[in-house]
Amino acid sequence: MDDGTMETAALRIGCKVNLTLRITGVRPNGWHELDTVFLPLAEPSDTLRLALRPGGGLALHCAEPGIDPENNTLTKAYRLFAEASGFRPGVEAVLEKGIPHGAGLGGGSADAAALLGWLNARAPEPLPLPELVGLAARIGADVPFFLYNVPCRASGIGERLVPCPEWLDAAGVAGAGLVLLCPRERVSTPWAYAAWDEWNRPLTEARNGAINRASQKPLDGASSIHWLENSFEPPVFEAFPRLRRLREQLLRQGAFAAVMSGSGSSLFGLFRDAGTAFRVAEGFREKDVAAYSHAL
Ligand SMILES: C[C@](O)(CO)[C@H](O)COP(=O)(O)OP(=O)(O)OC[C@H]1O[C@@H](n2ccc(N)nc2=O)[C@H](O)[C@@H]1O
Ligand SMILES: Nc1ncnc2c1ncn2[C@@H]1O[C@H](COP(=O)(O)OP(=O)(O)OP(=O)(O)O)[C@@H](O)[C@H]1O
């Protein structure tokens, strides 16, 4: 802009669910290997208002309790990007949270990826995607996914991503409806991984607790070893029994599959179509649970 006004933007930042999540191993440093399918969802969402200003550095305003405006995923994203690219614009930012944290929805990660993308689009010498993905992985395991923000199969600690737009068809859920439940419970990701370690269950569907009809359908034609499941359910459901009950409610209301997302606490149910999902979400009456419906 050459009229002296500085550019402003309002980014609507969606979240993710892990449609399936299997912990396949533990690295010597204690981090866990995953085989998971990420699905982006438009709601719930955060809003990040950004304005370029003279000078340099990120000035972030965020009223959300539990987020330190001086030390969070956005300040880390800005710092790492500036170190890697040398681009240090003055940025005024206001973060309005709509994605609950500790919900398994990748809220903090999505914000970081959105800022990385916005900075990269304005940098004199944008970083190539592989380098941006490397920066993202240093902010958090879920951040790389949000740089793609399309259905992806992920392995490694979540940084080895393969976009899989055909997956919904292959898994027989294209055209289905998804009901997302966000209870007030908050589950810490580090705690959930430590609980899984303690639980140390062998990875079998029969003992994963995610038995549902969809689990009879292999996720992709290539292999039938990957089922709709979440390895975190047994330890997290034991600590948060209401989450198990919510999953059972979804199945009773007609979901052909119901699974927790990420390390929890949110859960989702798959229904035969968006109209059914909308009606179930609208009719969901449970204290302290927000319900959202999506068309797949
Ligand atoms: C559970 C998932 O959300 C599934 O998508 C992710 O694996 C977690 O991603 P995230 O919330 O961004 O997690 P991070 O903030 O990167 O890591 C939090 C902590 O979780 C543990 N962690 C995380 C990812 C991973 N693959 N193995 C781990 O053991 C580590 O102790 C790490 O210090
Ligand atoms: N931009 C942010 N949004 C939300 N939380 C943030 C943010 N930056 C730092 N945090 C801190 O990170 C913690 C975890 O946030 P959040 O649960 O959203 O992480 P996530 O890994 O992105 O999502 P989840 O682990 O629930 O899938 C929060 O409790 C908060 O203290």
Side-chain angles (χ1 to χ4, degrees), residues 11 13-41 44-48 50 58 60-79 93-116 135-148 152-161 180 182-183 185-198 229-233 235-236 243 259-268:
L11 307 183
I13 303 168
C15 59
K16 61 86 179 164
V17 290
N18 299 75
L19 279 168
T20 182
L21 190 159
R22 178 186 292 223
I23 298 174
T24 55
V26 187
R27 292 182 176 177
N29 69 355
W31 280 63
H32 297 73
E33 294 272 333
L34 302 179
D35 183 359
T36 186
V37 174
F38 283 110
L39 180 77
L41 294 180
S45 60
D46 289 351
T47 299
L48 182 60
L50 296 166
L58 173 69
L60 175 65
H61 310 278
C62 178
E64 179 76 12
I67 296 180
D68 175 357
E70 303 296 321
N71 178 27
N72 56 69
T73 58
L74 291 168
T75 56
K76 192 168 182 183
Y78 181 93
R79 176 170 53 78
V94 179
L95 176 64
E96 296 161 19
K97 290 298 292 183
I99 302 170
H101 49 81
L105 298 177
S109 305
D111 296 339
L115 181 58
L116 285 176
L135 285 189
R138 290 167 58 194
I139 300 166
D142 280 346
V143 183
F145 158 70
F146 286 106
L147 293 176
Y148 292 87
C152 285
R153 188 135 185 201
S155 55
I157 61 165
E159 86 291 354
R160 288 205 295 266
L161 291 154
L180 177 68
C182 298
E185 284 85 344
R186 294 286 177 266
V187 179
S188 147
T189 299
W191 172 87
Y193 273 111
W196 184 87
D197 287 340
E198 189 183 329
E229 67 171 304
N230 185 324
S231 297
F232 284 107
E233 283 184 355
V236 173
L243 302 187
V259 181
M260 184 173 77
S261 176
S263 48
S265 60
S266 63
L267 302 115
F268 62 88

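First listed ligand is number 1; within each ligand, the first listed atom is number 1.
- Close contacts between ligand 2 and Gly107 involve ligand atoms 18 (O), 22 (O), 23 (O) [criterion: under 4.0 Å to a heavy atom].
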Before you tell me yes or no, could you show the steps for Asp35 and Arg153 under side-chain contact (heavy atoms from CB on, under 4.5 Å), namely the whole-Å CA-CA distance, both residues' side-chain angles and the distance that decides it to 0.1 Å?
CA-CA 7 Å; Asp35 183 359; Arg153 188 135 185 201; 3.1 Å; yes

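- For atom 5 (O) of ligand 1, the nearest non-hydrogen atom of the protein is Asp142 OD1, 2.7 Å.
- There is no protein heavy atom less than 4.0 angstrom from atom 12 (O) of ligand 2.
- The shortest N or O to N or O distance between Asp46 and ligand 2 is not below 3.5 Å.
- For ligand 2, the polar-atom distance check finds no N/O of Pro100 at less than 3.5 Å from any of the ligand's N/O atoms.
- Of all protein heavy atoms, the one lying nearest to atom 21 (C) of ligand 1 is Tyr193 CD1, 3.4 Å.
- Within the 4.5 Å cutoff, the side chain of Leu50 has heavy atoms near those of the Leu11 side chain.
- Annotation: atom 10 (N) of ligand 2 to nearest protein heavy atom, Ile67 CG1, 4.4 Å.
- Atoms of ligand 1 lying under 4.0 Å from at least one heavy atom of Ser109, given by number and element, are 12 (O).
- Shown here, atom 31 (O) of ligand 1 is out of close reach of the protein: none of its heavy atoms lies under 4.0 Å off.
- Side-chain atoms of Lys97 and Thr47, non-hydrogen and from C-beta on, never get closer than 4.5 Å to each other.
- When only non-hydrogen protein atoms are considered, atom 16 (P) of ligand 2 lies nearest to His101 CB, 3.7 Å.
- Between Glu96 and Glu64 there is no side-chain heavy-atom pair separated by less than 4.5 Å.
- The shortest N/O to N/O separation between Leu74 and ligand 2 does not fall below 3.5 Å.
- Taking every non-hydrogen atom of Asp111 and a distance limit under 4.0 Å, the qualifying atoms of ligand 2 come out as 1 (N), 2 (C), 3 (N).
- Taking a distance limit of 4.0 Å, we find that atom 15 (O) of ligand 1 is approached by no protein heavy atom.
- Listed by number with element, the atoms of ligand 1 under 4.0 Å from a non-hydrogen atom of Gly30 are 29 (O).
- Set against the non-hydrogen atoms of Leu34, the atoms of ligand 1 under 4.0 Å away are 7 (O).
- Each of the atoms 1 (N), 2 (C), 7 (C), 8 (N), 9 (C) of ligand 2 lies under 4.0 Å from some heavy atom of Thr73.
- Using a 4.0 Å cut-off between heavy atoms, Thr36 makes no contact with ligand 1 at all.
- Ligand 2 is approached by Lys97 to a heavy-atom distance shorter than 4.0 Å.
- Of all protein heavy atoms, the one lying nearest to atom 8 (C) of ligand 1 is Thr189 CG2, 3.7 Å.
- Between Val236 and Leu243, some side-chain heavy-atom pair lies under the 4.5 Å cut-off.
- Closest heavy-atom contact between Arg27 and Gly156: NH2-CA, 3.7 Å.
- Which parts of ligand 1 touch Phe38 is read off a 4.0 Å heavy-atom cut-off, strictly below it: atoms 5 (O).
- Applying the 4.0 Å criterion to heavy atoms of Asn72 picks out, from ligand 2, the atoms 8 (N), 9 (C).
- Distance alone, capped at 3.5 Å, places no donor-acceptor pair between the Thr189 side chain and the Ser263 backbone.
- Of the N or O atoms in Ala141, one or more lie within a sub-3.5 Å distance of an N or O in ligand 1.
- Here the straight-line distance linking atom SG of Cys182 with atom CG of Leu105 works out to 5.0 Å at 0.5 Å rounding.
- Looking only at protein heavy atoms, the nearest one to atom 25 (O) of ligand 2 is Thr189 OG1, 2.7 Å.
- Here's the thing with Pro190: none of its N/O atoms is less than 3.5 angstrom from an N/O atom of ligand 1.
- Between Ser263 and ligand 1, no N or O atom pair is found at a separation short of 3.5 Å.
- Contact between Gly102 and ligand 2 is present, with at least one heavy atom of the residue lying under 4.0 Å from the ligand.
- Those atoms of ligand 2 that come under 4.0 Å of a heavy atom in Gly104, given as number and element, are 24 (P), 26 (O), 27 (O).
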For Trp31 and Tyr193: C-alpha separation, side-chain torsions, deciding distance, then whether side-chain contact (heavy atoms from CB on, under 4.5 Å) applies.
CA-CA 9 Å; Trp31 280 63; Tyr193 273 111; over 6 Å; no

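- Of the options Glu33, Lys16, His32, Glu159, the smallest heavy-atom separation from atom 26 (N) of ligand 1 is shown by His32.
- Distance remark: protein heavy atom present below 4.0 angstrom from atom 4 (C) of ligand 2.
- Considering backbone and side-chain N/O of Gly108, one or more are found under 3.5 Å from N/O of ligand 2.
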Please evaluate residues Phe38 and Leu21 with respect to the criterion side-chain contact (heavy atoms from CB on, under 4.5 Å), reporting the C-alpha separation (whole Å), side-chain torsions for both, the decisive distance (0.1 Å), and the verdict.
CA-CA 9 Å; Phe38 283 110; Leu21 190 159; over 6 Å; no

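- In this pair, Trp196 and His32 present their aromatic rings perpendicular. The plane angle is above 60°, beyond the 30 to 60° band.
- Only the backbone of Ala103 comes within contact range of ligand 2, with a heavy atom under 4.0 Å; no side-chain atom does.
- Nearest heavy-atom pair across Cys15 and Ile99 is CB-CD1, 3.9 Å.
- In Leu21, the part holding a heavy atom less than 4.0 Å from any atom of ligand 1 is the side chain.
- The shortest N/O to N/O separation between Gly66 and ligand 2 falls below 3.5 Å.
- For ligand 2, the atoms closer than 4.0 angstrom to any heavy atom of Ser109 are 20 (P), 21 (O), 22 (O).
- Counting atoms of ligand 1 from 1 in the listed order, those under 4.0 Å from a heavy atom of Gly140 are 12 (O), 16 (O).
- Closest to atom 17 (O) of ligand 1 among all protein heavy atoms lies Trp31 CH2, 3.8 Å.
- Side chain of Asp142 to backbone of Ala110: no donor-acceptor contact under 3.5 angstrom is found.
- The shortest heavy-atom distance from Gly106 to ligand 2 is under 4.0 Å.
- Leu161 approaches Pro144 most closely through the heavy-atom pair CD1-C, 3.5 Å.
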